[in-house]
Structures are given as structure tokens and as C-alpha cells.
Amino acid sequence: MSSSFQAPKGVSEYVPPRADLFAAIRQAFAEQARLAGYGYLELAVFEDTNLFRRGVGESTDVVSKEMYTFEDRGGRSLTLRPEFTAGVLRSVLENGLHKQGGLPVKVWTTGPAFRAERPQQGRYRQFYQLDLEAIGSEDPQVDAETIAIAWQWYQSLGLRQVRLLLNSLGCKECRPAYRALLQDFLRGLDLDEPTRERIEINPLRVLDDKRPAVRAQLTGAPLMADHLCGACKAHHDRVRELLGDLGIEWEDTPTLVRGLDYYTRTTYEFDHPLLGAQSGIGGGGRYDGLSEDIGGPPLPGIGFGLGLDRTVLALEAEGAEFAAPARCEVFGVALGEEAERRLFALTAEFRRAGIAADMAYGGKKLKGAMKDADRSGAAYAVILGERDIAAGSVQLKDLAAGDQTAVPLTEITSTLKERLSR
Ligand code: HAM
């Protein structure tokens, strides 16, 4: 029987062994970020509500419908972060990282984010992101670098079916004219009232409408890609050239719009074909005006958020081979009190030598302890009885092959290291 309580609806939780996989893929990302010179940030989980209103945008679903907002005891309006970018930039500015020389500031962070969405497979109210941001450079090489980092991470996990969708959303020079053109086009369509309202507030989002009746009318809509200014076009072409140099394949997707308002120029999504409706496993782009939107100096930036939950689902869907490191390689079985005492110390010695080790506790009998050894997933059992102690040796059992040999106590750690190729 479980307790009287359950986790709140829509919260994605992980327990072993899946949580070990979750932690391992996050660790693999930490390594990619380190290799590319990104420092780690540990951020506030809740922020001033206005940060998201001004940063992410009032007209977005995320801000208008999905935020977990509450008043604290001092009457301040706070919101559980629905995404990381606004908070990262807030922290970079607050801590003056952009003034310490050497732009862009390159940082990454991870943890839970919260959106009050309707829960389903791959869509949760508490979910997890890896977020990486490069702040303070307009160089298209930085755009390509962020994409390459995410791409390399997916590759390192053994994911083979990830698609990269790429677009440019223009800048404050060329987008207003395009926006007006798009509004003219959309106003001529047969649409319901909420969608008509959306045309006036956020017309680009209408391009993202998934309903077939709307989709059918959108063929022939003007596309941002055809209306980029010279500087945006040059920037976009350069990003594509650089991706080509890196051997990264992408799909030009002129209808790609993102759900957050801060995007400018380069925008992208990573999509996984086996995940159905929630196929967006990651997304990112430039936000050259965000710093000013939240009261900071002009500071262009780019980054991405990768969904950890959906990445786990993608790994499972592909049957990818990536696995968490073993939690137990050697399992100790002691027969008798004295043997237990010695084995306890030996287990600690194994761990100091970098071998994942565990043992049967509670004075278990041989049969039960051997069952525990099998269940532990260990490759070897180390069995110690009165007679072994007298002989100064232990029994080393290969749990897969079943064979057992006596090994001198003084040599057991080095023997195990050799067998586990350490
Ligand atoms: P986003 O596209 O809203 O972008 O979220 C990024 C990723 O988080 C999505 O591709 C998806 O994998 C995952 N995700 C979002 N919502 C949920 C959910 N309810 N349940 C499970 N997974 C989810 C951002 O958040 C931007 N801050 C990314 C960014 C960083 N852009 C620039 N820098």
C-alpha cells in the first residue's frame, strides 16, 4: 500500500533506474558545455512575475495562461519559472558578468520549469530543461556554436533521428513591415474570433496554428524568410554556411515560429519523429532585444532550452544504447559476523578504488544474499566465509558465467580493477 498522498498532477518524477539515466544524460550535457567553455549557473526557481511578463511576453500562452503565480507573505507577486532565459539574463546583468570582459558571457543551467499545461505523455507541469545561453555577441558563429553543442549532445547519447528545423524571424528593422503584411493577409481569411484577436496581438503565432481548416488557408501566406533585411539575410546565410561546414544537417522551415516573444533572427527546434504530438525535444534562438526589454543595456544573445523529459522518451523510443554507469559492479556476501565486519571494510576499499560496490546487510543467509547480488546488476560477487578468512582469501564469483575462484584478500581490489578494465 502506498501513502495517502500522490505527486501533484502533471509533475514528472524520476526514480531509479530511469532517474539514473536522467542524471547520466544531464551529466553528458555538462561535459559538452564544459568542452565549449560554458560556465555553470545555479538560479532562482521563482522570480518577480514582471520579469516573465516583460521578458517572455504578455501575449504568449506561457505568460497569459500557464504561469504558476503566487503572492508571497510580503505581498510580492512571484512566479515559478516557466523557462530559463529571462532568469539567466536577469542574473547575468545583476551579477555584472557582462562587465567582466570577454563577451559573449557563456553560461548554462538546468533544473525544473513549470507551466500549467494540460498534462499528457511528454507534456508536464513540472518538467526539466537544460538551458545554455551566449550573451553579448551578434556573431553568427555563436549561433552555430549553440546548435553544434546541442547536436553533439544528441549524438553522444546515440540519438540518430533528431531533426534540426531552422528559420530566421528577422529583427526590429524588418519584422514590423513583414508583420503588417502578414496581418493584411490573415485578416482576409475565414477565422474564428480568438484567432482574429490573435492576428492583432501576435500574428506570427497564427502561422503555427495546427487545425487543418486554418492550415489549409495558410498556404500562400507571406513568409519572414522572403522579407528579411540585408543584414538579417546575411546573418542567416552565414549560420547555414557554418552548419554546413560542421556537417550538421538542417531543414529550412520558414513556418517555424516559437512560443516566446523575445526571438529575433536565428530560431531553431530539435524535433523527434517518434514522439507524436510532443515532438519538440528542444528549441532556441536569438533574443537581441531581451536585455533592453527587461531594463538592461543593449546585449544581443542566443541560446536554447532542451527538454530532458522528452529526451529520455526519445532515447527509449529509439532504443538507443546510451546507459547510465552501473550503480553496482561488485556485490559482497558475508557468512558470519567476523566476515561481515571485514567485508564492510573491503566494500569501502573497493569504492575508494573507483569500483561501484554494495553488499548484503542484516546478516542475510547465503541464498538470500546471492539473490540480492543478482538483483543488484553487479558483474561479480565477492563471498567471504570463516574458512576464507582463515585462508586469507575471498571467493570471486563471475555472476554471468557462474564460475568461482579463490583470490588472496590482498589482491582482490587489483584483480577486480583488472577484470573491470580500470
Ligand atoms: P521552449 O521551446 O518553450 O523554449 O522550451 C524548450 C523545450 O522544453 C521544448 O522543446 C520541450 O522539449 C521542453 N518543454 C517545454 N514545455 C514542456 C512541458 N510542458 N513538458 C515537457 N517538456 C517541455 C524555451 O523555454 C526557451 N527558454 C529556450 C531558449 C533558451 N531560447 C533561447 N534560449
Side-chain angles (χ1 to χ4, degrees), residues 9-14 22 25 29 33 38 41 43 47 51-52 55-57 60-63 65-68 80-90 92 104-135 142-143 145-147 149-150 153-154 159 162-165 167 169 205 208 256-272 275-291 293 300-315:
K9 192 171 170 218
V11 166
S12 90
E13 270 193 330
Y14 294 86
F22 180 94
I25 68 175
F29 183 85
Y38 286 73
L41 281 181
L43 287 183
E47 298 269 2
L51 174 68
F52 301 119
V56 175
T60 61
D61 282 355
V62 168
V63 170
K65 300 185 198 154
E66 297 171 356
M67 292 208 298
Y68 283 100
L80 298 181
R81 62 184 176 202
E83 62 105 50
F84 288 77
T85 312
V88 169
L89 195 51
R90 192 267 308 138
V92 165
V105 175
K106 304 212 287 188
V107 285
W108 76 280
T109 185
T110 185
F114 307 86
R115 297 182 191 177
E117 299 196 75
R118 194 178 313 188
Q120 54 175 265
Q121 168 91 329
R123 189 163 77 192
Y124 310 106
R125 292 180 174 171
Q126 174 176 319
F127 61 98
Y128 297 86
Q129 276 190 8
L130 295 162
D131 185 274
L132 176 140
E133 313 286 353
I135 295 161
V142 181
D143 304 36
E145 174 176 288
T146 63
I147 293 173
I149 291 167
W153 178 62
Y154 290 131
L159 285 173
V162 179
R163 293 159 61 215
L164 167 61
L165 313 180
N167 195 18
L169 290 180
R205 292 294 295 164
D208 201 27
L256 176 73
V257 287
R258 307 260 305 121
L260 314 167
D261 273 358
Y262 47 62
Y263 289 111
T264 55
R265 291 195 166 172
T266 309
T267 42
Y268 52 89
E269 262 176 26
F270 297 101
D271 192 81
H272 200 282
L275 295 193
Q278 309 304 323
S279 63
I281 59 171
R286 273 205 166 270
Y287 43 85
D288 291 344
L290 178 57
S291 175
D293 289 346
I302 180 157
F304 58 66
L306 309 180
L308 271 166
D309 314 271
R310 293 183 191 173
T311 304
V312 170
L313 291 172
L315 279 169

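Note: hydrogens, waters and symmetry copies are ignored here, and every other heavy atom, side chains too, is used. Whatever order the structure lists them in is the order used to number ligands and atoms, beginning at 1.
- For the residue pair Tyr68 / Gln126, no side-chain donor-acceptor distance below 3.5 Å is found, with atom types taken as modelled.
- Take Trp108 and apply the ring pair (Phe, Tyr, Trp, His ring centres under 6.0 Å) test, not counting sequence neighbours, and it matches Phe29, Tyr40.
- Between the side chains of Thr109 and Asp131, not a single donor N or O lies within less than 3.5 Å of an accepting N or O.
- Side-chain contact check for Thr311 versus Trp153: some heavy-atom pair is nearer than 4.5 Å.
- Judged as a salt bridge (charged side-chain N to carboxylate O under 4.0 Å, His left out), and not counting sequence neighbours, Arg310 has no contacts.
- Judged as a side-chain hydrogen bond (donor to acceptor under 3.5 Å, both in side chains), and not counting sequence neighbours, the contacts of Glu83 are Thr85, Tyr262.
- Protein residues lining ligand 1, listed by chain and number: Glu83, Thr85, Arg115, Glu117, Gly122, Arg123, Tyr124, Phe127, Gln129, Asp131, Glu133, Arg258, Leu260, Tyr262, Tyr263, Gly280, Ile281, Gly282, Gly283, Gly284, Gly285, Tyr287, Gly303, Phe304, Gly305, Gly307, Arg310 [non-hydrogen atoms, distance under 4.0 Å].
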